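These notes concern the structure reproduced below.
Quick caveat, the model's predicted, so the values are computed rather than measured. Note on naming: letters A, B, ... go to the chains in the order of the sequence lines (proteins, then strands), and numbering restarts at 1 for each one.
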Amino acid sequence: MTGPRSWIARRLLLGAAQTAAVVLLVFALTEALPGDAAVALAGDQPDPERIAAIREAMDLDRPALERLADWTAGLARGDLGTSLASGRPVGTYIADGFGPTLLLAALTVALLVPTGVGLGVLAARHEGRFTDRLVSSLTLGVYAVPEFAFGVLLVTVLALRLGWVPPTAVGYGTDLLAHPAALVIPVLVLLSRPVCSLARLVRAGMIDALDSPYAAHARRYGVPGVRVRYGHALPNALAPATQQLARTVDWLLCGVIVVEALYVIPGLGTVLMNAVAERDVPVVQGLAVVFGVTTVVLNLGADLVARRFAPRTEAAA
Amino acid sequence: MDAVTAVAEIKNLRVEIDGRAIVDGVDLRVLPGTVTALVGASGSGKTTTGLALLGEYPAGALVSGDVRAPDGLVGYVPQHPAAVLNPARRVGALLRDVARAQVRHLPRRERRTALRERVLRALALARLPDAETMLRRYPHQLSGGQQQRVVLAQALLLGAEVVVADEPTTGQDPSTKRGIVEQFAALAREGIAVVLLSHDLDVVRALADEVLVMRDGHVVESAPPERLWRAPRHPWTAELLASGSGATRVEPVSEGATTLEVGPLTARHGRTAVLRLPGLTLHPGACLAVVGRSGSGKTTLGRCLAGLHRHHDGEVLLDGVPLPRSLRDRTRQQLAAVQYVFQDARAAFDEHRPVLHQVARTAVRLRGAAEPDALAEALTTLAALGLAEDLVRRRPGALSGGELQRAALARALLARPRVLICDEITSGLDTVTRKGILDTLAALVRDRGDLSLVLITHDPATAALAGRVVVLDAGEPVEEEAPARRVMTGA
Amino acid sequence: MKSRFALGAVVAGVPLALALVGPWVAGGPGPRAASFTLGGGHPLGTDFVGRDVWDQVLLGGRSVVLVALAATAVAYLVAFPLGVVSALTHRAWLEELLMRPLDVLLAVPSLLMILLVAAVLTPGAAGLALLVALVNIPDAARIVRAAAAEAASRPAVEALRMQGETWWRTAVGYVGRCLTRTLVADAGVRLTGVLYLVATAAFLGVGVEPDAADWAVMVDRNRTGLFVQPWAVVVPALLIVALTMGVNLLADAGLEKRRRTWTP
Amino acid sequence: DASGPAGDAKAGDSAAAGGRPRRGGRLRAAFAGGGASETLDPHLANLFGDVARAKALFDKLADYGPDLSARPRLAARWEPNAGLDRWKVTLREAAFHDGKPVTATDVLYSYRRITDPEKAFRAKASLEPIDLKASRALDERTVEFVLKRPTAEFPNVLAAFGAYIVPGREQDFDRNPVGSGPFRLVSFAPGKSAVLRRNDGYWDGAPYLDELELLVANEESARINALLGGQIEYAHELDPTTARAHEGGGRVEIIRLRNSTMQAFAMKTDRPPFDDKRVREAFFLIADRAELVAGALSGAGEIGNDLFGKGYEYYDASLPQREQDLDRAKALLKEAGAEGLEVTLDTSPVAAGFTEAATIFRDQAAKAGVTVTVRTGSKDSYWKDVLDSGTFCSYRSGAMPVEAHISQRLLTESTTNATKWHHKDFDALYRQAQSTKDKASRAAVYARMQRRLHAEGGFLVWGFADWILGTARHVRGVETKAPANSLDWARFDKVWLA
Ligand SMILES: Nc1ncnc2c1ncn2[C@@H]1O[C@H](COP(=O)(O)OP(=O)(O)OP(=O)(O)O)[C@@H](O)[C@H]1O
Ligand SMILES: Nc1ncnc2c1ncn2[C@@H]1O[C@H](COP(=O)(O)OP(=O)(O)OP(=O)(O)O)[C@@H](O)[C@H]1O
Ligand SMILES: [Mg+2]
Ligand SMILES: [Mg+2]
């Protein structure tokens with residue numbers, strides 16, 4: 001019998017191993033990518049001599065394992081290393097990018113959960129009827145429209161035609177809170193897809209849950225409809241949706257590259273994108289640590305919720 | 001008497017599914033302050049009639065007749081309590097949700113304490129001791145009888161004018177049952193209308209003001225209990241009332257050999273030990289009854305033997321060979337040798353597949369029978385238990401509680417087990433059917449010679465079959481070899 | 001009775017019909033015109049490399065439908081057993097062994113993965129479907145696992161084990177059957193996600209040619225001309241929207257419960 | 001004020017374009033940039049955004065005019081010796097932002113910093129002809145450069161990409177960069193923005209703008225949207241289709257800088273099948289250039305004639321324009337025994353139009369019976385990957401003098417010789433040109449070299465792309481005839497707001 005406490009302890013332990021694996025894998029991947037920081041820096045002037053010189057200046061001529069070992073040793077001291085491209089500490093890269101990313105993620109999730117769950121429950125309540133078809137078609141339609149097209153539409157209408165919000169956050173730097181209007185379109189674009197996947201999963205679970213004898217029993221006993229839906233049925237419908245939500249939060253925190261680029265929001269996605277393009281291994285590695293930890297924690301959270309809402313799993317023979 | 005207006009009324013109800021009437025021409029008046037009992041054969045339409053009072057019908061049913069459902073809420077104790085207990089919520093939350101409407105009139109500050117008081121009182125009335133622990137548990141952490149009493153507590157909390165109770169006393173030991181009977185009597189005294197659907201004739205006799213006897217969807221007779229017991233008019237009623245006592249006792253064939261041997265065994269749920277057994281042996285052809293209060297660990301014992309409950313220390317030996325703790329590790333022979341019939345038959349069936357196929361699979365998987373042979377064998381076995389072919393070709397949802405119980409037994413029997421553990425398999429059966437089943441089982445033990453039965457039961461008639469009785473109390477055997485009669489009637 | 005399928009069938013019918021018969025109807029490659037022009041004998045204008053958009057629309061459905069279906073199917077073929085095995089097992093180590101490595105895959109930035117594959121491999125369309133499936137496996141497996149947990153702990157599963165039922169029947173026949181609705185919902189959405197992943201991959205040089213006739217690739221590559229020549233984006237995008245919506249609505253209709261009672 | 005001829009012409013142009021220049025205002029300009037690892041060290045400038053910043057803060061000794069000939073900047077004049085291997089460069093009177101004058105020592109310090117063997121600054125290769133050990137400061141404002149060999153086009157070296165003059169002392173570029181450019185730094189957030197203020201003491205006349213903010217927006221659609229939404233006044237690098245959508249729309253001005261980028265396919269002339277010049281010629285003849293320009297550049301450009309530098313100084317415009325001739329191409333291929341030829345064309349999304357052009361050419365080649373397989377490579381290492389491997393690849397080049405194109409790409413010892421054009425006689429012609437003092441005779445030598453390249457070179461130059469800018473309606477004084485990389489491109493000291 002594994003109690004919840006020992007289960008969490010085990011998962012955290014495994015999480016540490018997973019993060020290490022992520023870091024190793026990312027290191028291997030960046031190494032496996034053709035070209036290195038020197039080649040990336042040389043750009044369209046790939047003079048072999050210059051590349052060799054850059055390599056030497058960046059210490060890239062040392063064996064990969066040695067560099068990894070150095071980096072790991074630094075990590076143990078809490079030092080994420082310095083960027084190959086600029087010589088600035090990796091920590092500052094991550095710290096700079098984290099603010100906008102967190103803000104965007106928090107806003108999106110704050111809107112996503114009520115809309116996604118609400119729409120899913122609404123559709124499930126009216127299964128097969130007009131409301132259901134409408135909600136499903138709308139969310140699926142928005143989902144199937146590519147992100148950029150949806151973004152263009154919003155920019156054209158909300159920003160350029162109506163002038164309600166600025167079209168991009170260019171020039172606002174990391175201080176996005178001072179310009180909340182600039183976040184409207186990015187958040188809407190970020191919402192467009194997760195709302196659909198969340199709503200569809202909630203709908204699927206809710207149809208079965210609302211149809212179950214326990215929901216019928218609660219209704220029979222005059223428990224208010226809202227409470228039947230959200231208090232009784234939803235917990236049983238939530239496990240897959242929670243996984244989906246965790247994936248979404250993970251995606252939001254680990255860099256939403258397209259949206260950041262389209263609206264000039266200098267978040268972690270932009271940092272990652274540039275670092276990969278520059279083959280700035282220490283920065284990519286630093287991000288990998290952050291992303292690895294985030295993913296592990298989120299997965300653990302989602303699994304905890306799933307366990308909480310399916311308590312019988314503990315007792316299975 | 002007729003001056004009192006009925007709180008609910010059914011006139012000439014007909015419920016038809018696929019052109020077959022499962023209830024036909026039923027009239028029922030539910031009067032305040034009275035207990036109306038529906039008795040009758042398993043599958044005769046009691047549950048269907050009871051649900052009609054709630055305005056609920058099976059999916060796809062064609063309904064005709066006049067049904068006047070009660071105006072307010074109706075308390076309902078379903079036959080299968082597990083299904084209506086939300087698996088993701090604690091018992092406390094489930095009870096509080098029902099009680100919340102009752103405290104709405106109070107000022108906000110007082111609601112909490114009032115709510116708590118009511119919940120605790122309901123638990124006490126439903127004879128659920130140790131309320132604090134119960135409230136923190138999830139439904140799956142309760143024994144069958146405990147689940148039933150939680151559902152009863154919900155019904156009591158509701159404060160409804162009408163309570164429909166479908167087999168509220170199955171799975172309860174005699175003293176608890178007496179408590180529940182008192183509770184219903186008290187309800188009736190308060191002016192509440194109680195509709196009791198039950199196979200337990202003692203309970204019906206003690207409680208009912210009016211008894212309706214059903215068979216094949218018709219009410220064959222209705223009368224006050226005194227009259228009914230004194231002078232039943234319909235032969236079927238007579239038969240039902242007569243088949244009270246049990247079948248012939250089964251004595252072990254040989255004391256020497258042992259089929260199953262259990263060493264000292266302690267079983268746990270989490271950290272708490274719920275069963276401590278010094279040891280147990282089972283001889284070929286023997287029949288052992290396991291009785292005891294609800295929640296005393298009977299099911300846990302059965303599940304330990306069957307490999308469904310892994311968290312125990314101690315060994316279970318089959319023919320001197322230790323059985324793997326989990327049934328996942330048991331070989332097909334081992335699986336076939338020790339079969340367990342689940343207490344909650346409905347939960348133990350796959351709701352998507354016809355019952356017949358599920359029953360036949362046992363023969364295919366555990367005995368390597370060919371598919372057609374298995375089906376034929378399943379049909380015969382099911383027929384012997386009183387289940388017709390057109391019935392078992394349906395999915396579990398379209399069978400009545402007692403029908404499913406018999407199907408579950410058939411499924412285990414098809415393994416040709418050497419040890420058959422039956423967990424409350426007669427709780428949902430009328431006396432006639434029950435007698436038939438017990439006779440079948442007794443005959444099987446006699447004919448096969450190597451079959452041993454473990455009957456987990458609250459029913460004296462069933463326990464009477466056993467040559468040996470183990471009484472469990474709080475997880476420990478208090479008496480063995482006790483005469484079944486005494487154990488079953490009082491404590 | 002069948003009318004509940006009507007909406008889905010109509011909506012999905014257009015793109016499916018186009019995908020099916022399009023390639024037969026399309027003419028050979030005509031002469032190129034300038035990119036992103038309207039008129040000039042091109043009913044829907046020209047695309048980013050000056051080809052006729054209508055022609056491309058006719059040609060581009062088949063691969064969309066095939067790759068999306070194949071990739072989703074492959075993803076589920078792997079994810080389903082993984083998820084269900086780990087839900088059904090009582091061995092903690094087995095579950096961790098199956099699921100934790102997938103979490104590692106999840107934590108690796110997918111950009112890096114696609115870039116790497118784009119750089120080192122030159123997979124064809126089949127390889128692409130595999131890659132896209134790979135990206136989807138960890139995700140799908142977690143959802144299967146989460147959804148299966150409850151069903152796998154029901155007494156019905158214990159009863160199936162008691163009968164010595166095969167793993168397959170238990171996992172697919174019972175647990176899978178209980179999950180149908182959730183899995184169909186997830187797969188229906190994933191289907192579309194897959195399409196655009198294919199387009200991204202195409203742009204990075206994986207799988208299909210960067211100018212392949214494929215609705216998703218068209219949407220992706222013609223985006224720069226959106227304001228000059230919207231049809232090159234709008235038409236394929238609408239077809240994909242219709243395909244997604246239609247397929248999902250059909251699935252919804254198919255899984256709908258008939259729980260009506262007739263009271264006179 | 002010592003403004004040169006270019007400055008005068010400029011002032012006249014702008015006056016004609018929109019009245020009297022006005023002082024004041026703040027202009028926000030968006031460029032694609034390099035993210036959080038951007039620095040203000042001008043010698044590290046690599047991307048267009050870096051160059052714009054470097055240009056605003058620093059100066060070079062010379063820079064390129066619209067025809068890519070060198071124009072004096074910090075150098076007031078230059079004077080070669082008879083052997084063309086010693087150049088005396090006189091500096092104009094100019095001061096750094098800290099008030100100290102720009103001196104000959106600063107020039108030598110800057111060039112030595114660039115060529116530091118420990119570092120790997122981009123301009124290092126360009127400054128290779130200078131023997132910096134032997135070069136010296138003759139006085140405060142005169143430098144004598146000693147060259148390793150005669151170099152008639154030495155001013156091109158002074159104008160080289162990244163050869164900025166910095167003060168001759170250590171400095172923290174990112175906090176407080178001190179240059180001699182038209183603007184001073186106010187604040188800098190790498191990967192996001194750099195805010196600059198007018199340098200009132202600028203030698204070329206103080207800029208009209210009070211403030212200039214250089215912003216980073218990597219996505220083209222973000223730049224145009226920000227421009228349309230009034231968040232910026234200047235958007236660098238727009239797509240041709242975006243230009244078409246908004247040109248004449250009245251909301252923004254679209255500016256096309258002609259002949260900015262050479263678009264080509266590079267054939268490796270040292271390996272089959274392109275080691276046979278008939279095959280190369282056949283490929284020249286396969287290309288339908290108009291279709292490529294219309295399809296891949298969306299019409300924003302001109303067709304090429306297999307030579308670099310259309311419209312630049314020394315470009316040989318007298319050579320006949322090559323047309324598609326599939327029959328002749330087939331015949332040549334047959335002659336070369338290369339019927340049913342199959343080649344792999346390497347390309348990558350590294351530059352606009354690359355993949356499009358590759359697929360269009362694939363279809364054109366099919367008509368001549370040549371099977372071209374398009375292979376898309378990683379964009380981050382593309383240039384390195386195609387330098388030595390493969391046989392046939394997409395290629396482009398920014399503006400540079402024709403001489404620089406030859407020396408960097410077409411000599412035996414050139415470091416980025418992507419066509420593997422190794423010909424001793426061709427190298428000799430280059431040396432001859434470099435030691436010819438007379439411009440006309442030099443032009444004749446360049447013409448000879450270009451004739452050869454036109455007939456059998458490795459670059460299939462099919463077009464020259466416009467470089468497209470967008471500005472707000474009230475922005476004036478943006479030069480419209482400066483190819484990217486030339487002096488007046490991304491130059492903000494002559495820009496003003498109406
Ligand atoms: N959904 C259904 N479809 C078809 N037949 C059904 C359905 N539900 C119940 N039946 C049949 O109707 C009959 C009456 O069922 P009901 O549940 O009312 O019986 P019951 O009297 O409560 O029996 P038990 O004592 O065994 O619980 C049974 O024979 C049963 O098989
Ligand atoms: N998963 C669980 N976690 C904790 N306690 C449990 C769990 N399952 C059962 N119990 C407790 O263990 C005790 C024994 O349960 P068991 O089901 O064996 O009782 P039983 O004798 O079969 O009762 P009944 O006659 O009511 O079916 C009960 O008190 C019950 O509350
Ligand atoms: Mg019943
Ligand atoms: Mg029990």
Side-chain angles (χ1 to χ4, degrees), chain A residues 2 10 14 18-19 21-22 25-26 29-30 32-34 127-128 132-133 136-137 140-141 143-146 148-149 152 196-197 200-201 203-205 207-208 211 236 239-240 242-244 247 250 254-255 257 272-273 276 284 287-288 291-292 295-296 299 302-303 306 310 312-313 315-317, chain C residues 4 7 11 87 90 92 96 100-101 103-104 106-109 111-113 115-116 119-120 139 142-143 145-147 149-150 152-154 157-158 161 178 181-182 184-186 188-190 192-193 195-196 199 216 219-220 223 226 233 237 240-241 243-245 248-249 252-253 255-257 259:
Chain A
T2 50
R10 189 180 69 215
L14 282 170
Q18 284 175 308
T19 311
V22 171
L25 195 61
V26 168
L29 284 180
T30 23
L33 279 182
E127 195 210 350
D132 173 29
R133 297 273 193 266
S136 295
S137 308
L140 284 164
Y143 183 89
V145 171
F148 84 88
V152 164
C196 175
S197 27
R200 295 286 297 167
L201 282 177
R203 175 189 178 277
I207 290 176
D208 289 335
D211 202 38
N236 291 283
T242 313
Q243 295 293 345
Q244 185 61 41
R247 307 270 24 91
D250 197 17
C254 298
I257 291 163
L272 174 69
M273 178 100 144
V276 170
V284 178
L287 286 171
F291 294 170
T295 311
V296 164
N299 287 342
D303 289 353
R312 195 156 50 181
T313 44
Chain C
R4 62 199 162 120
L7 179 64
V11 176
H90 65 294
E96 308 291 20
R100 299 295 80 83
D103 292 356
V104 172
L106 276 180
V108 174
L111 169 80
L112 210 57
M113 296 275 262
L115 275 179
L116 181 78
V120 275
D139 232 3
R142 287 190 70 85
I143 287 187
R145 165 75 183 82
E150 202 275 327
S153 60
R154 290 188 195 162
V157 172
E158 292 182 337
R161 288 203 186 102
C178 293
R181 203 180 283 279
T182 300
V184 166
D186 183 58
V189 173
R190 216 165 274 285
T192 316
L195 288 182
Y196 288 112
V219 169
D220 189 67
R223 65 165 80 178
L226 190 58
V233 175
I240 292 178
V241 169
L243 185 68
T244 307
M245 255 160 59
N248 279 287
L249 289 180
D252 284 0
L255 290 175
E256 219 158 84
K257 289 215 168 105
R259 53 175 120 74

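For a residue to count as touching a neighbouring chain, one of its non-hydrogen atoms must lie under 4.5 Å from one of that chain's; by this rule C:Val219 touches chain A with backbone and side chain alike. The contact between C:Leu7 and chain A is made entirely by side chain atoms (from C-beta outward), counting heavy-atom distances below 4.5 Å. For a residue to count as touching a neighbouring chain, one of its non-hydrogen atoms must lie under 4.5 Å from one of that chain's; by this rule A:Leu29 touches chain C with backbone and side chain alike. In this structure, no portion of C:Leu243 lies under 4.5 Å from any heavy atom of chain A. Of the two parts of A:Val296, neither the backbone nor the side chain holds a non-hydrogen atom closer than 4.5 Å to a non-hydrogen atom of chain C. Interface remark: A:Ala288 contributes no atoms to any contact with chain C (heavy atom separation under 4.5 Å). With a threshold of 4.5 angstrom between heavy atoms, C:Leu106 approaches chain A through its backbone and through its side chain.
Contact count versus chain C (heavy atoms, under 4.5 Å) is highest, among A:Gly141, A:Gly292, A:Ala149, A:Ser136, for A:Gly141. Residue with the most contacts toward chain C among A:Leu25, A:Val152, A:Asp303: A:Asp303 (heavy-atom pairs, distance under 4.5 Å). Between chain A and the options C:Arg145, C:Arg100, C:Met245, the largest number of non-hydrogen pairs under 4.5 Å is found for C:Arg100. The choice from C:Arg223, C:Glu96, C:Glu150 that makes the most heavy-atom pairs within less than 4.5 Å of chain A is C:Arg223. Each of A:Gly205, A:Ala306, A:Pro146 has some count of heavy-atom pairs under 4.5 Å with chain C, and the biggest count is that of A:Pro146. Of the listed residues A:Ala21, A:Ala239, A:Ser137, the one with more heavy-atom pairs under 4.5 angstrom with chain C than any other is A:Ser137.
Residues A:Leu272 and A:Phe291 form a side-chain contact, since some pair of their non-hydrogen atoms from C-beta on lies under 4.5 Å apart. Side-chain contact between A:Leu140 and C:Val241 is absent, with no heavy atoms from C-beta onward closer than 4.5 Å.
The side-chain hydrogen bond (donor to acceptor under 3.5 Å, both in side chains) search around A:Gln18 returns C:Asp103, not counting sequence neighbours. In this structure A:Asp132 satisfies the salt bridge (charged side-chain N to carboxylate O under 4.0 Å, His left out) test together with A:Arg203, sequence neighbours excluded.
Residues C:Thr244 and C:Gly188 approach most closely at CG2-O, 4.4 Å, considering heavy atoms. Between A:Arg10 and C:Ala92 the shortest heavy-atom distance is NH1-CB, 3.4 Å. Closest heavy-atom contact between A:Ala204 and C:Arg181: O-CD, 3.1 Å.
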Exercise for the section: For A:Tyr143 and C:Asn248, run side chain to side chain contact (heavy atoms under 4.5 Å, CB included): C-alpha distance rounded to whole Å, both residues' side-chain angles, the deciding distance at 0.1 Å, then the answer. Expected result: CA-CA 12 Å; A:Tyr143 183 89; C:Asn248 279 287; over 6 Å; no
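For the 3.5 Å distance criterion, the side chains of A:Gln243 and C:Asp139 fail to qualify, holding no donor opposite an acceptor.
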